[in-house]
Protein chains: 2
Amino acid sequence: MSTTVAPQTIHAMLLFAGLSENEKNELIKGGRLRQCSRGEHLFLHGDPVKSFYIISKGTVQLFRETPDGHEKTIDVVKSGQTMCESEILDSCRNHRVNAMALNDVTVMEFPVAWLKDSARKYSAFALNLLSHIAQQAHMAEVEAEQRANMKAAQLVACFLQRMCVLYDFDPKGFELPYSKTIIASRIGMELETFSRTLAKLKEHGILVKGSHVSITDLASVEQYVCAACSIAEDCPTHKEMERKSSNKSGDA
Amino acid sequence: MSTTVAPQTIHAMLLFAGLSENEKNELIKGGRLRQCSRGEHLFLHGDPVKSFYIISKGTVQLFRETPDGHEKTIDVVKSGQTMCESEILDSCRNHRVNAMALNDVTVMEFPVAWLKDSARKYSAFALNLLSHIAQQAHMAEVEAEQRANMKAAQLVACFLQRMCVLYDFDPKGFELPYSKTIIASRIGMELETFSRTLAKLKEHGILVKGSHVSITDLASVEQYVCAACSIAEDCPTHKEMERKSSNKSGDA
DNA sequence: CGACACTTTGAAGACGATCAACGCCGGTGG
DNA sequence: CCACCGGCGTTGATCGTCTTCAAAGTGTCG
């Protein structure tokens, strides 16, 4: 299952790269497992920041309520990803977002002090953390630029490609891992716009029927989306999609 | 002058907090000064990443050309701020943006290896760097959300407030530090929209005449902008503006 | 004075948001 | 087994905001 990280797989995370097994064990001992069932909140906007999280299983929605009562999804985070590192490193007292389990979730929970202490103790960990955050910052930058420059259809197509890569789906056919409502909100558009957009995407090589997506014409998608993207040449998603299209091995 | 950081002031940067004077000197020895005159490029999109920069004097525009030939300003960075840390930490080979001096600029230039080496060597530096990047990531997140939720006039008003704080201007009256063309592009809107928006802002307590801005009614601005902002309660700019409005001491 | 960069203003158009209604489906309870 | 309901998604019509194209105004500097 692509949404599960076995406990031992945490060891394989890039965050712990370059550390000895002993050091990893030492670090991981600092956390404890926590279970959440679908719909349960891990924390709420305004709650004091108490932990750093590594998601071991399941999917978590990070969202915020705007002053006018709407609900905006900041991100959807899955197993193998982390939460709250930037809040902790930025020394935020309180959470800036809500976190809700979209399905049954298992997280590894580390006390706030753990993160900085570990960075202080193991310089390799500090450097990994730095790359990790820098990478996130980069992604955020790219998304901001895309949102500004591309239109809805391109944003959606690009997002579907990223989804393919993140969840290791077969582009030829896969199921959306969560509801269209949440996806739309994640991309920053209204559900109605998203719905209409999906319909139009068949002209560009993406066919959507219910929650089943098949990217029928990778070349067409790339030409439609990536040609309009200023980071195309060094876009990891773009590269990965090209790899997937040459390797004809899909693991459904 | 608010756009100058004397060499010794680099010592005072948060990035070097918690280090002894000897350690600071040791670190700073790793860099060398470079001058750029107005219009000169520090680096171009696609150039290999060769340095980490601390801006000591002047203002630098970071921008990118979109596929359709437009020019989009990613950020405008001034003395006391840094450049390229995330590229380096993300191990990017090539620059993702262009950097051009908007006026006469002095930067401190450190070789790429310096950043990671220093982080490895001094854990305090690594932690400072982590906060620094986390903070940037936070700002980027906030801006993204604002761009999605607020309308042009609110974005502009918010930006002017931020400018006030960053440059330590007196809200009651100050000059825009760079051209409206660049500001508009920085905020992500067309120059025409920006121009029209400025005119409309007088209804909300901001008067603009040429490049002279005066925020006449701070309360009105806050109510118009910050009330629509989801991070108002923990927005450093908002807080700082309130402080400025109580301290009736402006330093023009 | 003229050239040029920068800014303003006007009018038309594109795009997504919003409001409203309907279809679909799974679940619950009679 | 059917009727009802609520969550989710689709479709249609309208509206507001920003962009785009075009033209004219302002300022500076040789």
Side-chain angles (χ1 to χ4, degrees), chain A residues 38-39 61 66-73 100 102-103 145-160 175-204 207-213 224 228, chain B residues 38-39 61 63 66-73 76 100 102-103 145-160 175-204 207-213 224 228:
Chain A
R38 179 189 156 97
Q61 178 194 21
T66 60
D68 52 329
H70 274 214
E71 203 167 80
K72 214 230 158 197
T73 301
M100 192 183 73
L102 289 181
N103 42 39
E145 190 177 333
Q146 290 187 330
R147 208 164 295 196
N149 296 329
M150 315 201 313
K151 36 189 186 177
Q154 295 171 317
L155 284 171
V156 170
C158 181
F159 185 80
L160 290 175
E175 299 294 315
L176 295 174
Y178 40 89
S179 77
K180 292 187 179 178
T181 304
I182 292 180
I183 297 179
S185 154
R186 168 62 237 277
I187 308 185
M189 74 185 57
E190 294 307 310
L191 176 60
E192 294 94 324
T193 307
F194 182 64
S195 179
R196 284 184 250 267
T197 297
L198 287 180
K200 266 189 279 182
L201 275 183
K202 74 162 70 75
E203 302 164 15
H204 297 284
L207 210 80
V208 182
K209 188 97 187 166
S211 72
H212 185 86
V213 181
Y224 177 61
Chain B
R38 181 190 155 97
Q61 177 194 22
F63 63 102
T66 60
D68 53 326
H70 273 214
E71 203 168 79
K72 215 231 156 194
T73 300
V76 175
M100 191 183 72
L102 288 182
N103 41 39
E145 190 177 334
Q146 289 186 331
R147 207 164 295 196
N149 296 330
M150 315 201 314
K151 35 189 185 177
Q154 294 171 317
L155 284 172
V156 170
C158 181
F159 185 80
L160 290 175
E175 299 293 315
L176 296 175
Y178 40 90
S179 77
K180 291 187 180 178
T181 305
I182 292 181
I183 297 178
S185 154
R186 166 62 236 277
I187 308 184
M189 71 185 59
E190 295 307 310
L191 175 60
E192 294 94 323
T193 307
F194 182 63
S195 179
R196 286 183 248 265
T197 297
L198 286 179
K200 266 189 280 181
L201 274 183
K202 74 162 72 74
E203 302 165 15
H204 297 284
L207 210 80
V208 182
K209 187 98 185 166
S211 73
H212 185 86
V213 180
Y224 177 59

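What separates CD of A:Glu71 from P of D:dC8 is a distance of 11 Å, to the nearest Å. Separating the NZ atom of B:Lys72 from the P atom of D:dT19 is a distance of 11 Å, rounded to the nearest angstrom. Atom CG of A:Leu176 is separated from atom C1' of D:dG9 by 12 Å (rounded to the nearest Å). To the nearest angstrom, P of D:dT10 lies 12 Å from CG of A:Leu201. Distance NE2 (A:His212) to P (D:dG9): 17 Å, rounded to an integer number of Å.
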Which parts of nucleotides 5-21 of chain C does protein reach within less than 4.0 Å, heavy atoms only, written one letter per nucleotide 5' to 3' as B for base, S for sugar-phosphate only and - for none? --BBBBB---SSSBBB-

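In this structure, B:Met189 and B:Val156 have side chains that are in contact, with non-hydrogen atoms separated by less than 4.5 Å. B:Tyr178 places none of its side-chain heavy atoms less than 4.5 Å from the side chain of B:Gln61. Between B:Tyr224 and B:Leu201, the closest side-chain pair of non-hydrogen atoms falls below 4.5 Å. Residues A:Lys180 and A:Leu198 are in side-chain contact: their nearest non-hydrogen atoms beyond the backbone lie under 4.5 Å apart.
Partners of B:Arg38 by salt bridge (Lys or Arg N to Asp or Glu O under 4.0 Å), not counting sequence neighbours: none found.
Without hydrogens or angle criteria, A:Ser185 side chain to A:Thr73 main chain gives a donor-acceptor distance under 3.5 Å.
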